[in-house]
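It should be emphasised that the depicted structure is a prediction, and the values quoted were computed from it without experimental measurement.
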Amino acid sequence: RKAHAAPRSTMGAGKDGPTRTTGNRVRTNSMCKSSLEDVMQNFSKVFKDAGKVRIRRRRSPDVAALRTLVSETLEDGSVLEIAPADILAALKKLSAALATAETEVASEGLVGKHAGQWQAMEKAVVEPYENLAGLMRTAGYHVPQVRNFKLARSIFHMLNSLAVVGGGELLLDMDQLRSLALVCAVGAWTMELLKQRSDAFKRIMFQVLGAISRDGEQHNVNSATWFMSAMLVISWCNPKIACCIGTIALGVGDPAAAFV
């Protein structure tokens, strides 16, 4: 009897051991996911507040609270164990950017100037935040999309659409418009390919286009590329008047809706 008792006990432990280990792994993974997504949720709220003029005028950004949240997340055992190395590195860069922003916001020149403090915070934090957000989306984490209104972006879209329609009505025939749409679409998708293949190209691209770019476009296809592709399809399937109406509707209507 004793000879048979020990093997039963060993088999039971062997069977339950992997189950307990798997359960612990799932819980740790869930805790890591919750911690990282909580950080991004808080940042999304801050950036939405940054887009409201009345808030920018009345109070300063709470950079210290954000930095504390990021620091606590970096010390979380589940995050250190489960999170991919590139996400941890991006989170550390965000923490360093918050430290820089905290120093600038507290500087004598910005004391009492709420709008200036918001601007200093955005200048230091937006790029590392967008980099972290893109990596987390790629890894399957839920990151809220920050769609703040950007006046420069809206003006850029409107001027592009008006220029295309004006050129189509006054200077270009339908074949020339189709060729222009083809060149623009190919150029846009070429930039998307280079953006995904080269970090140096992506960095330079968003330094140049930072004023008209949006959160998430560093790692995903941007809206201008889809716009160019749509214009190509429209130009080959519709007469000139339909192309002009569609371009105006999207190029002017979409920024107007964002402004409202």
Output, in order, the C-alpha distance, side-chain angles, deciding distance and verdict of side-chain contact (heavy atoms from CB on, under 4.5 Å) for M231 and L180.
CA-CA 10 Å; M231 292 300 101; L180 177 62; over 6 Å; no
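- Distance alone, capped at 3.5 Å, is enough to place a donor-acceptor pair between the T190 side chain and the V186 backbone.
- When all heavy atoms of A181 and L232 are compared, the pair lying nearest together is CB-CA, 3.8 Å.
- S35 OG to E75 CD: the interatomic distance, rounded to the nearest 0.5 Å, is 12.0 Å.
- Within the 3.5 Å criterion, the main-chain N or O of D175 finds a donor-acceptor partner in the side chain of S179.
- Both L91 and M136 are part of a single hydrophobic cluster, where members link through side-chain heavy atoms under 4.5 Å apart.
- Taking each heavy atom of L88 and L74 in turn, the nearest pair found is O-CD2, 4.2 Å.
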Can you check side-chain contact (heavy atoms from CB on, under 4.5 Å) on L36 and D76, steps first, answer last?
CA-CA 10 Å; L36 290 173; D76 189 327; over 6 Å; no
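- Both L69 and L132 are part of a single hydrophobic cluster, where members link through side-chain heavy atoms under 4.5 Å apart.
- For the atom pair NZ (K93) and CD (E127), the distance works out to 9.5 Å, reported to the nearest 0.5 Å.
- Within the 4.5 Å cutoff, no side-chain heavy atoms of S161 are placed close to those of L250.
- V70 places a side-chain heavy atom less than 4.5 Å from the side chain of F43.
- One finds the NZ atom of K33 at 8.5 Å from the NE2 atom of H142 (value rounded to the nearest 0.5 Å).
- One distance of note links CD1 of I234 with CD1 of I245; it measures 11.0 Å at 0.5 Å rounding.
- Within 6.0 Å of CH2 on W236 lie no more than 12 heavy atoms contributed by other residues, nucleotides or ligands.
- When side chains are defined from C-beta on, I87 counts as touching Y141, because their heavy atoms get closer than 4.5 Å.
- In this structure, L177 and C243 have side chains that are not in contact, with every pair of non-hydrogen atoms separated by 4.5 Å or more.
- Contact between M174 and N238 at its shortest, heavy atoms only, is CE-O, 3.8 Å.
- Side-chain contact between W189 and V221 is present, with heavy atoms from C-beta onward closer than 4.5 Å.
- We find the NZ-OG distance between K92 and S71 to be 12.0 Å, quoted to the nearest 0.5 Å.
- Considering all non-hydrogen atoms of both residues, V79 and T73 come closest at CB-O, 3.6 Å.
- Connection of M228 to V165 is not established within any shared hydrophobic cluster, with ILVMFWY side chains joined at heavy-atom distances below 4.5 Å, either directly or through further cluster members.
- More than 12 heavy atoms of other residues, nucleotides or ligands shown are found within 6.0 angstrom of NZ on K240.
- Residue M191 is grouped with residue F156 when hydrophobic side chains (ILVMFWY) are merged at heavy-atom distances under 4.5 angstrom, including chains of intermediate members.
- Between C244 and E169 the shortest side-chain heavy-atom distance falls below 4.5 Å.
- Atom-to-atom distance recorded for S95:OG and E72:CD is 11.0 Å, nearest 0.5 angstrom.
- A pairwise comparison of heavy atoms in D173 and Q176 identifies OD1-N, 2.8 Å as the closest pair.
- Scanning all heavy atoms of the two residues, the minimum distance from V252 to M158 falls at CA-CG, 4.0 Å.
- The closest donor-acceptor contact from the side chain of N42 to the backbone of D38 lies under 3.5 Å.
- Considering L98, V39, L94 in turn, L94 is the only one that fulfils the side-chain contact (heavy atoms from CB on, under 4.5 Å) rule with Y129.
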